[in-house]
Colleague: 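After the structure tokens below, expect a handful of questions from me.
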Amino acid sequence: MTSPPSSLQEQKEALRRKLLKARQAIPARIRQAKSDSICQHLQNWQPFAQSRLTLAYHSFRGEPDLSPLFQQRRVWGFPRCEGKALKWHRWFPSSPWSFHTGTYGITEPDPASPAVEPYKTDLILIPCLACDISGHRLGYGGGFYDRMLADPTWANKTAIGIVFEYARLPQIPKADWDIPLSGICTESGLFLSNSSKN
């Protein structure tokens, strides 16, 4: 019998493996239905409707699929990995700029496409492996979003974790420096932290 993981990092890694396996086991049809519900909850939320520029992502490894939203007449921002940082590029439905597969197999914007202006960004939709009810996020371990959210440029933006309901947990292992998100959106609804409900 193996002993339980001891360090914070070991606990996170064990939870990542378990959650990723569970997500990949969801049938594609069910996953799309859950994703469509998430999209509907976001569309019904006034801050999303009013957002001048929304940062989002392209689904990868069974993440909730937000692509039905991307045809709306609005400006989006998508990330590109450069070193240990995320570089954000603007995109809109009639944009001449295309996407390609990046270093990690993730769909990324063309590096030549226009850069996102942070001051125009109102909302960040963040992919997660899990979130707990306090808004703490479990990612893949690369730290890209952790570094971003710790940057004063992005610190006061509304950031919503996007996960399937099975991955909205009572608590996840976290460090003192982990920054909670403004809320979580799952197929069951949008769950905002107390400071984000106004």
Side-chain angles (χ1 to χ4, degrees), residues 19-20 22-81 86-102 104-110 113-118 120-131 135 137-140 144-145 148-149 154 157-168 181-193 196:
L19 289 162
L20 192 54
R23 192 172 72 192
Q24 291 173 335
I26 300 172
R29 177 178 53 83
I30 303 297
R31 195 160 55 225
Q32 193 57 57
K34 291 175 182 289
S35 296
D36 290 346
S37 294
I38 290 171
C39 291
Q40 192 61 57
H41 293 310
L42 290 170
Q43 287 186 91
N44 294 340
W45 186 41
Q46 194 170 8
F48 175 79
Q50 296 176 339
S51 176
R52 294 169 297 172
L53 196 159
T54 302
L55 303 189
Y57 64 91
H58 286 100
S59 177
F60 178 65
R61 295 170 76 183
E63 291 168 340
D65 177 18
L66 301 182
S67 64
L69 299 173
F70 300 158
Q71 298 312 308
Q72 294 185 2
R73 293 174 62 90
R74 58 166 63 229
V75 183
W76 296 92
F78 291 100
R80 180 175 59 83
C81 295
L86 292 176
K87 302 294 183 181
W88 292 88
H89 296 266
R90 281 184 289 130
W91 183 87
F92 46 92
S94 58
S95 173
W97 303 101
S98 59
F99 293 92
H100 67 276
T101 302
Y104 299 99
I106 300 170
T107 301
E108 293 186 344
D110 188 317
S113 59
V116 159
E117 296 158 300
K120 289 184 178 176
T121 302
D122 294 320
L123 179 62
I124 309 172
L125 304 178
I126 300 182
C128 313
L129 272 172
C131 283
R137 170 184 178 271
L138 181 70
Y140 293 98
F144 287 95
Y145 283 96
M148 176 184 171
L149 295 175
W154 304 105
K157 306 292 184 183
T158 299
I160 303 295
I162 307 296
V163 292
F164 294 125
E165 180 64 26
Y166 85 92
R168 185 170 67 98
L181 303 176
S182 312
I184 306 161
C185 191
T186 79
E187 69 270 22
S188 297
L190 183 64
F191 306 90
L192 300 175
S193 66
S196 305

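Because the structure is a prediction, the values reported are computed rather than measured. Heavy atoms only: backbone and side chains are in, while hydrogens, waters and symmetry mates are out.
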Colleague: Testing the basics here: between P114 and W97, what is the closest heavy-atom pair and its distance to 0.1 Å?
Modeller: CD-NE1, 3.3 Å
Colleague: Between R137 (side chain only) and C128 (backbone N and O only), is there a donor and an acceptor less than 3.5 Å apart?
Modeller: no
Colleague: Would you please name every residue forming a salt bridge (Lys or Arg N to Asp or Glu O under 4.0 Å) with E63, sequence neighbours left out?
Modeller: none
Colleague: Check whether any side-chain heavy atom of Y166 sits under 4.5 Å from a side-chain heavy atom of T186, and report yes or no.
Modeller: no
Colleague: Of all residues at least two apart in sequence or in a different chain, which pass the side-chain contact (heavy atoms from CB on, under 4.5 Å) check with Q72?
Modeller: Q43, F48, L69, R74
Colleague: Check whether any side-chain N or O of S182 sits under 3.5 Å from a backbone N or O of I160 as a donor-acceptor pair, and report yes or no.
Modeller: no
Colleague: Suppose we screen for side-chain hydrogen bond (donor to acceptor under 3.5 Å, both in side chains). Which residues come up paired with H89, at least two apart in sequence or across chains?
Modeller: R80, S113
Colleague: With a 4.5 Å heavy-atom cut-off, do L55 and K157 have their side chains touching?
Modeller: no
Colleague: Using the side-chain hydrogen bond (donor to acceptor under 3.5 Å, both in side chains) criterion, which residues pair with S37? Sequence neighbours excluded.
Modeller: none
Colleague: Under a 3.5 Å distance rule, please check whether E187 uses its side chain to pair with a backbone N or O of A33 as donor and acceptor.
Modeller: no
Colleague: Side chains of L86 and Y145: closer than 4.5 Å at any heavy-atom pair?
Modeller: yes
Colleague: I'd like to check L181 versus L149 (side-chain heavy atoms, cut-off strictly below 4.5 Å). Are they in contact?
Modeller: yes
Colleague: Minimum heavy-atom separation for G77 and V116, please, with both atom names.
Modeller: CA-CG2, 3.9 Å
Colleague: Between T158 and P47, is there a side-chain heavy-atom distance shorter than 4.5 Å?
Modeller: no
Colleague: For S35, give me all partners under side-chain hydrogen bond (donor to acceptor under 3.5 Å, both in side chains), at least two apart in sequence or on another chain.
Modeller: none
Colleague: Could you pull out all residues at least two apart from R168 that satisfy salt bridge (Lys or Arg N to Asp or Glu O under 4.0 Å)?
Modeller: E165
Colleague: Could I get the full list of ring-ring contact (aromatic ring centres under 6.0 Å, His included) partners for F99, not counting sequence neighbours?
Modeller: H58, F78, W91
Colleague: With R52, which residues qualify under side-chain contact (heavy atoms from CB on, under 4.5 Å), at least two apart?
Modeller: D122
Colleague: Restricting to non-hydrogen atoms, name the atom on Y57 and the atom on I162 that form the minimum distance, rounded to 0.1 Å.
Modeller: OH-CG2, 3.3 Å
Colleague: Any chance you could measure Y140, atom OH, to I106, atom CD1, to the nearest 0.5 Å?
Modeller: 7.5 Å
Colleague: Sequence neighbours left out, what passes side-chain contact (heavy atoms from CB on, under 4.5 Å) with P68? Give chain and number order.
Modeller: Q32, D36, C39, D65
Colleague: Does K120 have any side-chain hydrogen bond (donor to acceptor under 3.5 Å, both in side chains) partners at least two apart in sequence or in another chain, and if so, which?
Modeller: E117
Colleague: Between R90 and A115 (side chain of the first, backbone of the second, donor and acceptor by atom type, cut-off under 3.5 Å), is there such a pair?
Modeller: yes
Colleague: If we only count heavy atoms from C-beta on, is the L123 to W45 side-chain gap below 4.5 Å?
Modeller: yes
Colleague: Are the side chains of T121 and W154 in touch, meaning some heavy atoms are under 4.5 Å apart?
Modeller: yes
Colleague: Please identify each residue that fulfils side-chain contact (heavy atoms from CB on, under 4.5 Å) with Q50, with sequence neighbours left out.
Modeller: Q46
Colleague: What orientation do Y104 and F144 show, parallel under 30°, tilted 30 to 60°, or perpendicular over 60°?
Modeller: perpendicular
Colleague: A56 and P79: which non-hydrogen atoms are nearest, and at how many Å?
Modeller: O-CD, 3.3 Å
Colleague: Measure from the side-chain N and O atoms of R23 to the backbone N and O of V163, and report whether any donor-acceptor pair falls under 3.5 Å.
Modeller: no
Colleague: What are the two closest heavy atoms between C131 and G161, and how far apart are they?
Modeller: SG-CA, 4.2 Å
